[in-house]
Protein chains: 2
Amino acid sequence: MKKSDSRRLTIKDLAKELNLSSSTISRVLSNNPRISEATKKLVNDKVKELGFSLDPIASSFRSKKTKSIGVVAPRIDVDFHSKVISGIEDYASELGYQITIFQSKDSYIKEKEILKLLETSLAAGIIICPSLETQKVDHLKKVIKSNIPLVLYDRPIENLDTNIVCINDYQASYDATKHLINTGCKRIAHISGNLNVNIFNKRFEGYKAALVDNDLEFEDALLYQTHNLSYQEGLVAAEKLSKLKNPIDGIVCANDYTASAAVQLFKKLNISIPENISIIGFSNYPISTIIEPNISTIDDNAYYMGNIAAKILIQQIEDKFQKKIDHQEILVKTDLIIRDSTKKVKK
Amino acid sequence: MKKSDSRRLTIKDLAKELNLSSSTISRVLSNNPRISEATKKLVNDKVKELGFSLDPIASSFRSKKTKSIGVVAPRIDVDFHSKVISGIEDYASELGYQITIFQSKDSYIKEKEILKLLETSLAAGIIICPSLETQKVDHLKKVIKSNIPLVLYDRPIENLDTNIVCINDYQASYDATKHLINTGCKRIAHISGNLNVNIFNKRFEGYKAALVDNDLEFEDALLYQTHNLSYQEGLVAAEKLSKLKNPIDGIVCANDYTASAAVQLFKKLNISIPENISIIGFSNYPISTIIEPNISTIDDNAYYMGNIAAKILIQQIEDKFQKKIDHQEILVKTDLIIRDSTKKVKK
DNA sequence: TTTTATTGTGCAAACATTTGCACAATAAAA
DNA sequence: TTTTATTGTGCAAATGTTTGCACAATAAAA
């Protein structure tokens, strides 16, 4: 004969219904071992019957814990980041966490604001790809100090005591270059991104190391550094490289846009791919399967990277008061994808 | 001489500091008109000095309101959706709302679970692109009934009393077709998506209407229906269309992948574009600027669509107890982007 | 001057849950 | 049997904010 107000069901209603105390209900719901199996069943059945669920806000309020993970990316409409976030969401939602997203737009100021907001309360943990502008890291240190688990992805920052998950750019680029060498290329160029950026520098280093390890000579003329690896820049780079007096027979590109450009430019010059020149890209963008010939590339497993980032973050969250995990740099493996723009390895 | 525990600052601490009551602090923070300008300044200064901020959880707990918007997309690593979400985030974060994302993976079951979770508490409002599987809409109706503002995007659902923002697929496709006609095409084919899907049907209808409005004849042979508009299917479609006894001089494609395929196939057949055949795509994928010749297309303004969705949702949230807004279908305008794959309009 | 309206502030309750502590009941050990 | 340990449950406090109501002080109206 209750007032049939449509207020949400609380733990107290359940308690009254079952002649138990709210504490008991609460403990059943958190699976407290002190509760007997009999009452657990009793309560759980009622919970199902009434479709009851805890008020997460009240719960967070009292326990000072949330189930929300803050993810801050430079922007989410970039293929790579959207894949990482997808990987994070899939893993985290499985464990009952929610993902709240923020875009720093690669602005240091904005990144600071976002982190302040996240510290303020709502985050059980934070996964972040630092903005390109970010040089100072006080805001990140503050997060760490305030004991909020933090995981970086994609862009490493030196001297920061936290977990980071990224790919092994050096190795991936080395592998790509090695692949060209294995197929018989003798003079291989590199179209790079901005060499002041950590990951592009490593890609360059990997390329160079593969050359010297295989007794091929590197010379400055083989390197074309672009500003932002755009398709347009790729065209310019390829054109320049095509005019070398000592002609090249392979190009390792730091992404698939420049690789696409190179492919199209050499086609226009009637230099056939891969017979006369092999071209390999990086990142496995959709375009690499559409350009003719399809472009060999390195898959960076962005989705998987998100998975891992979520995994180690949640580990930290849940172990927070137990053993302090030592922080580590996790290198996600990359895959060499061989398509038509590089010659096949002769067996 | 306080205990220097590192517990977060509360409204009470501020109150003590200033010899005021917590109520006053609270009212200053919510800009209550009953508070004098003098005390407002006093409090606000202190707030800045100490870097104080309300505990959003406690606040939500008491007020039963949150600042969190749930966004559920089929998947977030699809170009279109990631752009929409980016648009939502930009607009909403400006107004102090956070975005929590969920992926339905186009599964009806998962979608239902997600909505139940969102109803359970945390959402001030919900923006959703319904899964392809979704036929029954009880779960959506439940959200509406429970008075949580709801906005659909991209995929309309009939007979659902809520706001929806999408593009005018009919009109956009009409415009694309009209563009070909304006440049002199007389026999125009259409590569369509699955015609059982609302938006692809509308694109087809728009195409057909443009033909008849301009005294061009439509015949079944001009329509090639694909299953999922993949690049591969595009190749098959283009090949079939290239063999028509009565040759075509234009193709309207329902996306840019099939358009890319068509361009590449006709190039291979040495049928020059746009001289002998004009090809136009849909959605303005990155690839459309890379394929040679660059592909004319329809830009769907996904980012802007997210903006609008966020805008009308937040309107609803904040007007919740005031005037009941009537629900509307908002059609985001699309842009015809003319590139090299279609002839220029002769002036 | 008295009455009435207005302005600015404080009191205290309420929100739904979690958790330390207490305690009764039962089981195990002495 | 008495003592001690174990098991299962309840009591009540605490969490930080918001808000209806009360009330004092001042201003305006009578």
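Residue numbers start from 1 in every chain, and the chains themselves are labelled A, B, ... in the order their sequence lines are given, proteins ahead of strands.
Taking 4.0 angstrom as the limit, A:Ser23 places none of its side-chain polar atoms (N or O) nearer than this to OP1 or OP2 of D:dC11. The side chain of A:Ser26 places no N or O atom within less than 4.0 Å of a non-bridging phosphate oxygen (OP1 or OP2) of C:dA16. For B:Ser63 and C:dC15, the shortest distance from a side-chain N or O to OP1 or OP2 is not below 4.0 Å. The phosphate of D:dT9 has OP1 or OP2 within less than 4.0 Å of a side-chain N or O from A:Thr39. The side chain of A:Ser21 places an N or O atom within less than 4.0 Å of a non-bridging phosphate oxygen (OP1 or OP2) of D:dG10. For D:dT17, the OP1/OP2 oxygens have no side-chain nitrogen or oxygen of B:Ser22 closer than 4.0 Å. Between C:dG8 and B:Thr24, no contact under 4.0 Å exists linking OP1 or OP2 to a side-chain N or O.
Taking atom NZ on A:Lys65 and atom C1' on C:dT18, their separation rounds to 10 Å, with Å as the unit. Going from atom CG of B:Asn19 over to atom P of C:dG10 covers 9 Å, rounded to whole Å. The distance from atom CG of B:Leu9 to atom C1' of D:dT15 is 16 Å, rounded to the nearest whole Å. Rounded to whole angstrom, the span from the CG atom of B:Leu14 across to the P atom of C:dG10 amounts to 13 Å. One atom, NZ of B:Lys41, and another, P of C:dG8, lie 17 Å apart when rounded to the nearest Å. Here the P atom of nucleotide D:dG8 and the CG atom of A:Asn31 are 13 Å apart, to the nearest Å. The nearest whole Å value for the distance from the CZ atom in A:Arg8 to the C1' atom in C:dT17 is 11 Å. Distance, A:Arg62 CZ to C:dT19 C1': 5 Å, rounded to whole Å.
B:Leu54 pairs with exactly one of B:Thr10, B:Leu9, B:Ile11 by the side-chain contact (heavy atoms from CB on, under 4.5 Å) rule, that one being B:Ile11.
A donor-acceptor pair under 3.5 Å is formed between the side chain of B:Asn307 and the backbone N or O of B:Gly87.
No contact: B:Asn32 has no heavy atom under 4.0 Å from any strand. No engagement by A:Ile25 is indicated, since no non-hydrogen atom pair under 4.0 Å with the nucleic acid exists. Heavy atoms of B:Ile57 sit nowhere under 4.0 angstrom from any nucleic acid atom.
D:dG8 is paired with C:dC23 under the Watson-Crick or G-U wobble criterion, all donor-acceptor distances under 3.5 Å. Partner assigned to C:dA30 is D:dT1, using Watson-Crick or G-U wobble distances below 3.5 angstrom. Under the Watson-Crick or G-U wobble criterion, with both distances below 3.5 Å, C:dT18 is paired with D:dA13.
Nearer the 5' end of DNA chain D, as judged by each residue's closest nucleotide, is the contact made by B:Leu54, out of B:Arg27 and B:Leu54.
Ring geometry, A:Tyr108 versus A:His139: the interplanar angle exceeds 60°, so the pair is classed perpendicular (tilted spans 30 to 60°).
Heavy atoms from other residues, nucleotides or ligands lying under 6.0 Å from NZ of A:Lys64 number more than 12.
Remark: B:Glu49 engages B:Lys46 in a salt bridge, criterion side-chain N to carboxylate O under 4.0 Å. Contact check on A:Lys136 versus A:Asp138 returns no salt bridge, with no Lys/Arg side-chain nitrogen under 4.0 Å from an Asp/Glu carboxylate oxygen.
Stacking here means ring centres nearer than 5.5 Å and ring planes tilted less than 30 degrees, and by that measure B:Phe61 does not stack onto D:dT17.
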